[in-house]
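Throughout, protein chains are lettered first and strands after them, A, B, ... in sequence-line order, and every chain is numbered starting at 1. In what follows, every heavy atom counts, from backbone to side chain, and hydrogens, waters and symmetry copies are set aside.
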Amino acid sequence: MQVNDNKEFQPLIVAFCCNWCSYAGADLSGTNRLNYPTNVKIIRVPCSCRVNPMFILRAFQRGADGVILCGCHPGDCHYTSGNYFTRRRMTLLFSMLDFLGIERDRTRVEWVSAAEGAKFAATMNEFTEAVKKLGPNRRLEDLRCKKQ
Amino acid sequence: MQEAMINKAKQLLADGTVNRVIGWKKGEFVYDITPAIFETAEELDADFVYNEFTAANVSKYLVKESKKEGKILAFLKPCDTYSLNQLTKEHRVNRDNIYVVGIPGGPKLDAEKIKAKGITGITGIKNENYTLKIETVYGEQTMPFYEAISDKCASCKSKKHVTYDELIGEDGDVLESNRFDMVEKLENMTAQERYDFWRAELSKCIRCNACRNVCPACTCEKCVFDNPESGVENKAASNSFEENMFHIIRAFHVAGRCTDCGECSRVCPQNIPLHLLNRKFIKDINSLYGEYQAGEDTTTKAPLNAYTTDDCEASIVHERGVE
Amino acid sequence: MQRIGVFVCHCGTNIAATVDVKAVAEALGHEPGVVISREYQYMCSESGQNLVKDAIKEHNLSGVVICSCSPRMHENTFRKAAAAAGLNPYLVEIANIREQCSWIHKDIATATEKAVILGRAAIAKVHLNAPLTAGESPVVKRALVIGGGIAGIQTALDIAEAGFEVDIVEKEPTIGGKMAQIDKTFPTLDCAACILTPKMVECSQNEKIHIHSFSEVTDVKGFVGNFSVTIKKKARYVDETKCTGCGLCTEKCPMKNVPNEFNMGLDNRRAVYIPFAQAVPKVATIDPNYCMMLKTGKCGVCSKVCSVGAIDYKQQDKFIEEKYGAIVVATGFNPIKLDKYEEFAYSQSPDVVTSLELERLMNAAGPNGGTLLRPSDKTHPHTIVFVQCVGSRCDDSKGKPYCSKICCMYTAKHAMLIREKYPDTEVYVFYIDVRTPGKNFDEFYRRAVEQYNVHYVKGMVGKVTPKSDGKLDVQASDLLANEQLHIDADMVVLAAAIEPDKTARPLATMLTTQMDTNDFFTEAHPKLRPVESATAGIFLSGACQGPKDIPETVAQASAAAAKAIGLLCKNSITCNPCVAHSNELMCNGCSSCEKVCPYGAITYQDKEFRMPDRTTAIRRVASVNPAVCQGCGACTVACPSGAMDLNGFSNSQIMAEVDAICK
Amino acid sequence: MNANDTLIPHIGVVTDIRIDTPDVKTFRVNAINADGTVGGKVFEHMPGQCAMLSIPGVGEAMFSITSSPTNKEFMEFSIKKCGCLTNWLHAMDVGQQITIRGPYGNAFPVETELKGKDLLFIAGGIGLAPLRSVINYVRDNRANYGDVQIVYGSRSMDDLVDYKEIIDEWMTDDGIEVNLTIDREQEGWDGHVGFVPNYVKELNPSLNKTVLICGPPIMIKFTLNGLKELGFTETQVYTTMELRMKCGVGKCGRCNIGNKYVCKDGPVFRFDELGELPDEY
Amino acid sequence: MLRIAIDKIDSLFDAIAEKQTLYIPVDREDGAAEYKKYESGMKMSNSLNTLRSAKDFFFPQTENLVEFKMEGKQIEVKDIREESEDFVIFGVRACDARSFSILDKVYLVDPVDSFYKNRRDHGVVVSMACTRPAETCFCSAFGIDPTAPEGDVSCWNDGSYIYFEANTEKGKAFVDSISSLLEDGDASSLENVKAETKRILSLLPLSNLSTDSFGGDKLNEYFNSEKWAELSESCIGCGTCTFVCPTCQCYDIKDFNTGNGIKRFRCWDSCMYSDFTKMAHGNPRISQLERFRQRFMHKLVYFPANNNGEFGCVGCGRCLSKCPISMNIVKVMKALEVK
């Protein structure tokens, strides 16, 4: 979480992007100079299926307010099937987080192809706004990691 | 039943089919029964017990025992056979070294439920026509049998043995159970209510690891939470995050593998309804990916190791139910 | 304790304009383990690379972080530079502060702050990077070309020419593809068959080329240099090795009313058939949908007339498995179905045809022997209207968003040929734009307009209505004259959009290659690697990658061949070292990882271990074949004990990045 | 809450790093004084005592203090690379600060039982580290002790810790006999070759010596047997133990052998004391 | 004897809570009792004992010890200790009350653990005599009289009144501070209550449990007993017994990197855990047998060996009801007992 001068809540968004589609899509939105908020920080993974639920919880522990996972569209996975596993894993994980009363809008999976720079930017804009509305992550925070 | 089991065990020991028996050993009171290994007829006669308090699932012990020399006789209740099957599927036990005698299951009683009625100083318990007559140092007390039934048996999913070499008594059927009722109730709460519910429950956690160590699905050579290399090692439930983290990840790791044997909640010293986390996953899996019962067989792919191209998107979580 | 060097690139002003690179270098210099932090104009330039190399030597660096453009651009550049200076190339990490920072943000303060955080994450990661050594795997010296059109043919010929074995898999009974159906080619107006058929013959005669006609690829396993492909040879009920192609059976077959797909259904063939005279292989095929013998067991005429006994009604689909080092995809295109375009009366009037149908109508080997006659009444058409962009450049769901590229030119060709042969025929072409960007293309088009007086009308045809007199009422607008037109046409020719073949999508899944939303295969890079797919060892040839005319297709086919040859020339290729590996001490042997591995890279062994309690035990443990593993990481999450981890993207590395970002 | 708590460490500065063997480095540690200068010792100790060194976030572990208390300038620790923390320590540069707490445990009874005795030191590999403190203490208080004999062995010549000090100082001292051995023949080595237990037997030391022994458990076991064969009794032999120590103050509960806490009641034990304890080390 | 009528106990709690933090045992929804910070309106539990022991007040499950800031080669140590607030624990049973003196023998001996001492100095233990012991109780075996509990202040309940008796200076000060709410009254009725409790105690199944054969002098004999294998075979190696135990005091010290500094904390650890004694170059207690043996040897042999024969167990019975597989110290004692 960061607070800028006018004290508007600035959420910290961690985005896991698969190397082949979504990271390239993020690059394309850069190449096309499509703005999205600085709140979003991207971590490159080979495939969305590399993302362990532990990474997502870790991000929340360390102060992330939202975590988004981007991968190739189903059927387009560079590794054939990775994103299908991602889809099941994340559906169940998000459902569990929801079950524990963690706000649903803090987590998202989005499929962004290498050609969808515009979609990437739009998704990030939209997701950041959604998280901004929720305010700081309280339900999955680790007070020890809170910034003084 | 106990008599028949002891006789069966003696017979199998005598004819050399097995060289050990895993079962239950009586304790100081009527209810403090310990899983134990018996090697002789004398030991069986002296200590073997099977009654309303033999709730412990012994299948996890077979991970180690089945790797030892010689065959072991395991008396398994229907629910325990699911655990064994799942372990067989995951190559954690050597099924060839186990002689399974299927025995009728519960309902098992939970001594804590009797004590929760304020009954204390218990010296004996008898079931007479589904009324428990409890002898105590403060005099005899009674309570309805069903009120003492353990949670795991109260929502029994199956009376069917999914693997056995021999049965004592008749095999039962898979039951229509009410096991998802509480999950559903929680699902219908608001997010805030769910959050409050789980905070209250999980904050009780003392991280004794009983749930993990008893769980027949948690047989990792080294648990990530014990492994300093894993980066997520944690020993104490230092704060609400770590309480959540441990239980979410543990439930996730057994998702699609948990047979819903109920041991986690049975052993939790803090009475946290941990099985609800597992059941939430089971319920989701059933509704999103088709009915799946872990341990039902030894061949099908676990739902998290499989997919279909038209699985629902993760956004289904956002679309349904109560926020 | 690491010794890390940080290098921040200005990228001219690409980064420096929105990110205070000096401040970034300064801030990152304070991170733990960083011993040198520099910024420079262009890190990817030779002097920039030298800066890195020198620092590695001078400061004995154990890790390098480059804050620059996307790792997809220059990761390799810097890895090579590090290797040149004696540092393991996998000890280099890139922080993407251009595409993911300077180019998308405007405010210098926040962009700089973000750049620092991205740099910090890369530093945190590089702390945990391990030196990796790439293994090698051998290359099977044989190529597979999927699709036997002009693209596939050209690619196969070029690869064979270089001395490598090459197999062509063609789903139709003959190779040749779309070009075999075309009458003349633009802009030279020479005969398509005259160019194509010699190449087809060459294919059949070249010892290095093996044609699997009437076959399909059903499974692809393996990886670059070592693909294992299952090919289904569909039952054609004729023994290829015996059939001489004499054609007697195709004459005697009593089933005469089978729509002839080679002539676009404009005439009929028999149930046993050879698609066209120059088919390669020239072998008959029995169509089981129509053959009485196969359907009812009564007939057997072809078998009786075949002197060599090639007919085999009991033939089954056959599956063969072959190993290949490289695969070239040349699955080509098809015109889209026009059933959604009712306004053009395509399904109502036989005289509304597609351009490809017109090719057959005008072809000497076509249904009318080369005389252009109206399909409905076999009369000579006097007014022909061409409609351009039917389904191309379309923003609704009926059509395709892209330009099909070839229509303008073939329409000019058709118009010119008609005007040449039948000067009494008026030809109208309704177009949105005429696009002629090719060598001699515009001259060609101008000849059609100026020399052959083809009426080019800028405007769209709104409706075609069959009239009772057999004519077609064409309603159109002339945008330049700003008027509505009604033309009484004898024929209407629709320039249908082209789309990738339907078999491409499942093939892409098998090949693990990417496709765009239109199902065209995606090249690894439009400029740098235009004929390769992102999946190593898979190359793209012809229209499967995007609409192309013949010259372009042939050029790309040769280019793809060159790339494939480049691969086949090597005895072995360097593997990706960023693969999964299993910590045997922690492995449960539960097989979860194996079940999610798309490559079958994980196997199990029973191994003896000394256990922590000083006993020995035989345990079932997973091991990963590093040559087969592609490094997706699916197994790392399936593994509950965390025994499975991924080189280059380890659990601890990713978590360190998370921590650094969330700090 | 001003009381010092031993669990709250001090800061030490690494002022020198010496590479002893391929996997042993010796670190010199100084205190930071109130005025900010670096020098002197963080605390005083007796030979055989230990200190807890830590890099916060990396780990904390107990190491024996290898320098002698008679050294008033600094403390030294000879540390073998064997885990997360030691890897980190081996990679650090001079000037690095570390946390240090102690001293912990008992010491060799240099001022009581050992006084006036002939001493035989037997060390193997990194086992020299705790004995070096005693040896140098004895050398600096030479008059208080009788003959000194040192038997030191290692895998190879390169694995002899403090080789330079042994050659330059110990061997040149009067009344100190140094016997070095390495496990296998090696070029450039003209000294004894063979395992320590056998060498001790060969040397056949006189039975009036008090023995201080430290090294790998297997070496200690065989050497002790050898000594017994020669006629030594367990009451003559001291050793120093190493077990997982966490708190250093006998509270955290993991380093006990029987009812003794190694970090508090040890690490120095006389063998007859150890003999009374369960066989759990 | 000073006493207060039970129906006025709320006003007493309110008065105490006004001045300092008060903890009383209250019933949870699941029927178990736990200590909670008193807030007006809370009802004291009638349960025999709390699910978790009272040791948490002095030896919490986790506590931060010290913090570090790391920058470059520099380390800054931050002493984060703060003076504890004064607090009162009300209703501690005799077993738990005794457990504090056992913990004291670990934490208050040299070198004193300042974290523990701090809380110990500021906490007043008000104990409550038992009237309804359970079948799992065996405190008598360790010489504890549940009708005469230790603590800074001891209390008795005769059904109508709660009687107070201060045992320490701290206890006296506490009783003085509430004396305005107390009345002097006849305590003779307590004798009947105590006698009845003692009668019940004699009827309990574990009443004849003997510690006679245990103690520091048979160390090797017990250590080498063949019974350990059988006793430990079903132990699942969890930490339940340790964590509900009022006298288990083992801990681990760990560092937590917050991203902005290191927090060094200590947390409960269990000798039953497989990695309890694991170190960089091995693990001296490699099997569950050794770990299991360690726990019971510590309570029955090592602790008395070091503490004049005092056992490291108070017979509260928590492990008897909470062990997942119902293995416990009583079974161990009975199995090992040298007749």
Self-check item: B:Ile206 versus chain E, the contacting section by heavy-atom distance below 4.5 Å
Solution: both

Self-check item: E:Tyr251 OH to B:Lys235 NZ distance, which is reported to the nearest 0.5 Å
Solution: 13.0 Å

Quiz item: In terms of heavy-atom contacts, does CD of B:Glu28 have more than 12 from other residues, nucleotides or ligands at under 6.0 Å?
Solution: yes

Self-check item: Close side-chain approach of B:Asn239 to E:Phe256, heavy-atom, < 4.5 Å
Solution: no

Quiz item: So which part of B:Ala210 gets closer than 4.5 Å to some heavy atom of chain E, the side chain, the backbone, both or neither?
Solution: both

Practice problem: Determine whether E:Leu51 and B:Lys204 make a side-chain contact, defined as any pair of heavy atoms from C-beta on separated by less than 4.5 Å. | Solution: no

Quiz prompt | Distance-only donor-acceptor check, side chains E:Tyr273 and B:Asn209, under 3.5 Å | solution = yes

Quiz item: Is E:Ser321 close to B:Glu112 at the side-chain level, that is, under 4.5 Å between some pair of heavy atoms?
Solution: yes

Quiz item: Within 45° of the six-membered ring axis of B:Tyr138 and under 6.0 Å from that ring's centre, is NZ or CZ of E:Arg132 located there?
Solution: yes

Exercise. Show your working on salt bridge (charged side-chain N to carboxylate O under 4.0 Å, His left out) between E:Lys254 and B:Glu233 and close with a plain yes or no.
Key: CA-CA 11 Å; E:Lys254 294 196 137 325; B:Glu233 182 208 20; 3.4 Å; yes

Quiz item: Between B:Arg266, B:Lys115, B:Glu263, B:Arg212, which shows the greatest number of heavy-atom pairs under 4.5 Å with chain E?
Solution: B:Lys115

Quiz item: Looking at B:Ala200, B:Pro228, B:Ser238, which makes the most heavy-atom pairs under 4.5 Å with chain E?
Solution: B:Ser238

Quiz item: Is E:Glu135 close to B:Thr120 at the side-chain level, that is, under 4.5 Å between some pair of heavy atoms?
Solution: yes

Practice problem: Select one option (side chain, backbone, both, neither) describing which atoms of B:Lys60 are under 4.5 Å from chain E's heavy atoms. | Solution: neither

Quiz prompt | Interchain contact, B:Lys113 with chain E, by part (heavy-atom threshold 4.5 Å) | solution = neither

Self-check item: N/O donor-acceptor pair under 3.5 Å between B:Asp32 side chain and E:Ser326 backbone
Solution: no

Practice problem: Take B:Glu65 and E:Glu233, measure what side chain to side chain contact (heavy atoms under 4.5 Å, CB included) needs, and give me the verdict at the end. | Solution: CA-CA 10 Å; B:Glu65 291 300 327; E:Glu233 76 186 356; 5.8 Å; no

